[in-house]
Student: 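Structure provided below as structure tokens; questions to follow.
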Amino acid sequence: MDKQHLIDCHERIKPFIHNTPVLTSRLINEMAGAHLFFKCENFQRMGAFKMRGAANSIMQLSDEQKQNGVVTHSSGNFAQALSLSAQSLGVTAYIVMPDSAPQVKKEAVKGYGGVLVECESTLEARERTSQEIVEKHGATFIHPSNDDHVILGQGTACKELLELHPNLDYVVTPVGGGGLIAGTALAAHYFGNKCKTVGGEPFEVDDAYRSLQSGQIETNSSTNTIADGLKTQLGDRNFPIIQKHVEEIIRVTEDEIIQSMRLLWERLKIVCEPSCAVALAAVFREKEKFKAQEIGIIISGGNVDLSRLPF
């Protein structure tokens, strides 16, 4: 995936996405000892960066594939992103969700026009149900993070950020399935001026950190983190990009995530989900590394259950 692929992708999806705002906070800058620029994808359509990759992946399908629809398994933001993207493009989206998923997320998928298919709360059940839909309807399966078109779409958020602030020293993103950080790393490489990419990841789900250490994709034995969007693991499409273009992954504690999330709500006056706060927490944890640098932070989304805030 080269520079032109990212440019073409961005032009393709522009009619279907928002160019989200970039916010700053003098107080947060003072606390961090650096200049931080927050790319606010919580203001993206459906409330998260995943709209970008979902739109791009559907637009790359043939007319016949579009007629047969798309399918994914997700209990989170990608379920909503694929539903809304498909609705915008006149395509049917089958969304496989575990029956244990919050009702508010199920309703959101339906509200965006997705065809909800519930299954047991295991990865095996999700994959089996998705495959049954592929066979029955001829639908195209789209993975939430391990797909080249999705990765390119997610990278457009960083591209927009660098168009405003071309001399960033670092861009920091949360790491879950790896689509956002892989796309961000490509954008930083092609559009930045020696801009490095760093990931933030909870200690509780540090599979990406361990994957970079071992050179192979690792898994998590537990997923006991408030950052519910980061419980997935890397894939064979995004991991090589991360190995090549990501400088480091910094792990943070649950307390650090909650403190950073509260700070973002208080100082930027924005609704953001716990996964977003992992990137800011990483900057605070490694202050010496980032001291006096210009740093972009991708605020990945704002789909949070307001009845279950951690503060």
Side-chain angles (χ1 to χ4, degrees), residues 1 3-21 39-74 76-97 105 108-116 130 139-163 173 176-184 186-187 190-191 229 232 235 237-238 241 298-303:
M1 291 183 272
K3 186 174 185 176
Q4 194 59 46
H5 284 129
L6 267 164
I7 293 169
D8 293 344
C9 166
H10 198 200
E11 289 305 312
R12 190 182 303 123
I13 67 174
K14 274 180 181 177
F16 301 97
I17 62 164
H18 298 318
N19 187 330
T20 52
K39 176 66 169 167
C40 292
E41 286 293 286
N42 54 317
F43 293 121
Q44 189 52 265
R45 291 183 70 198
M46 56 66 53
F49 71 92
K50 294 196 174 185
M51 185 68 190
R52 298 170 179 271
N56 189 47
S57 57
I58 295 175
M59 293 179 83
Q60 294 292 74
L61 299 177
S62 68
D63 289 343
E64 184 184 358
Q65 287 174 311
K66 287 176 183 173
Q67 281 183 329
N68 292 333
V70 292
V71 59
T72 196
H73 55 76
S74 164
N77 285 335
F78 196 74
Q80 296 172 52
L82 198 70
S83 299
L84 181 56
S85 297
Q87 185 183 58
S88 301
L89 293 159
V91 173
T92 301
Y94 300 95
I95 309 296
V96 177
M97 294 180 85
K105 291 187 175 181
V109 165
K110 292 181 197 170
Y112 289 135
V115 179
L116 178 65
S130 300
T140 300
F141 180 76
I142 297 177
H143 193 281
S145 55
N146 196 44
D147 177 290
D148 289 0
H149 300 313
V150 170
I151 291 166
L152 284 170
Q154 318 309 31
T156 60
C158 179
K159 180 176 179 285
E160 289 174 359
L161 177 58
L162 287 164
E163 284 166 357
T173 82
L180 176 61
I181 194 169
T184 297
L186 288 173
Y190 288 121
F191 300 101
T232 46
R237 300 307 302 167
N238 57 50
I241 299 168
I298 308 289
I299 298 290
S300 49
N303 293 328

Student: For the atom pair CG (Leu161) and OG1 (Thr184), what is the distance rounded to the nearest 0.5 Å?
Tutor: 9.0 Å
Student: Between Val150 and His143, which heavy-atom pair has the shortest distance, and what is it?
Tutor: CG2-O, 3.6 Å
Student: Using ring centroids (six-membered ring only for Trp), state whether His73 and Phe141 fall under 6.0 Å.
Tutor: yes
Student: Pair Leu84, Arg45 - check side chain to side chain contact (heavy atoms under 4.5 Å, CB included), show working.
Tutor: CA-CA 8 Å; Leu84 181 56; Arg45 291 183 70 198; 3.5 Å; yes
Student: Would you call Ile7 and Tyr190 a side-chain contact if the rule is heavy atoms closer than 4.5 Å?
Tutor: no
Student: Considering all heavy atoms of both residues, which atom of Thr92 and which atom of Ala86 are nearest to each other, and what is their separation?
Tutor: C-CB, 4.4 Å
Student: Check whether Asn238 reaches the backbone of Ser145 with its side chain - one donor and one acceptor, N or O, closer than 3.5 Å.
Tutor: yes
Student: If every non-hydrogen atom of Val91 is compared with every non-hydrogen atom of Gly69, which pair is closest and at what distance?
Tutor: CG1-CA, 3.9 Å
Student: For the pair Asn77 (side chain) and Gly47 (backbone), establish whether a donor and an acceptor sit closer than 3.5 Å, ignoring hydrogens and angles.
Tutor: no
Student: Could you grab the distance from atom CD of Gln44 to atom CG of Asn19, nearest 0.5 Å is fine?
Tutor: 8.5 Å
Student: List in chain and number order the residues that pass salt bridge (charged side-chain N to carboxylate O under 4.0 Å, His left out) with Glu64, two or more places apart in sequence or in another chain; answer none if no residue qualifies.
Tutor: none
Student: Does any non-hydrogen side-chain atom of Pro144 lie less than 4.5 Å from one of Thr232?
Tutor: no
Student: Can you spot which of Ile58, Ile13, Val70 makes a side-chain contact (heavy atoms from CB on, under 4.5 Å) with Ser85?
Tutor: Ile58
Student: How many angstroms lie between atom CG of Asn146 and atom CD1 of Ile151, to the nearest 0.5 angstrom?
Tutor: 6.0 Å
Student: With salt bridge (Lys or Arg N to Asp or Glu O under 4.0 Å) as the rule and sequence neighbours excluded, what pairs involving residues 139-158 come up?
Tutor: Asp148-Arg237
Student: Whether Lys159 engages the ring of Phe191 as a cation-pi pair (distance to the six-membered ring centre under 6.0 angstrom, angle to the ring normal within 45°) should be assessed.
Tutor: yes
Student: Determine, stepwise, if the pair Thr20 / Phe49 fulfils side chain to side chain contact (heavy atoms under 4.5 Å, CB included).
Tutor: CA-CA 10 Å; Thr20 52; Phe49 71 92; over 6 Å; no
Student: Among pairs that include at least one residue of residues 48-57, which meet side-chain hydrogen bond (donor to acceptor under 3.5 Å, both in side chains), considering only residues two or more places apart or in two chains?
Tutor: Arg12-Asn56, Glu41-Arg52, Arg52-Thr156, Arg52-Glu160
Student: Verify side chain to side chain contact (heavy atoms under 4.5 Å, CB included) between Thr140 and Asn68, making sure each step is shown before the conclusion.
Tutor: CA-CA 7 Å; Thr140 300; Asn68 292 333; over 6 Å; no
Student: If you take all heavy atoms of Ile95 and Ser74, which pair is closest and at what distance?
Tutor: CG2-O, 4.2 Å
Student: Which pair of heavy atoms, one from Gly302 and one from Asn42, lies closest together, and at what distance?
Tutor: N-CB, 3.5 Å
Student: Measuring from atom SG of Cys9 to atom CE of Met59, what distance do you get when rounded to the nearest 0.5 angstrom?
Tutor: 9.0 Å
Student: Mind checking the CG-CD spacing from Asp8 to Gln60? Nearest 0.5 Å is all I need.
Tutor: 9.0 Å
Student: Given 3.5 Å as the limit, does a donor-acceptor pair link the side chain of Gln154 with the main chain of Ile181, or not?
Tutor: no
Student: Provide the closest heavy-atom pair for Ala48 versus Asn303 in the form atom of the first, atom of the second, distance.
Tutor: CB-ND2, 4.3 Å
Student: Would you check, one step at a time, whether the test side chain to side chain contact (heavy atoms under 4.5 Å, CB included) holds for Val109 with Gln80?
Tutor: CA-CA 5 Å; Val109 165; Gln80 296 172 52; 4.3 Å; yes
Student: I need the Tyr112 OH to Ser88 OG distance, nearest 0.5 Å.
Tutor: 10.0 Å
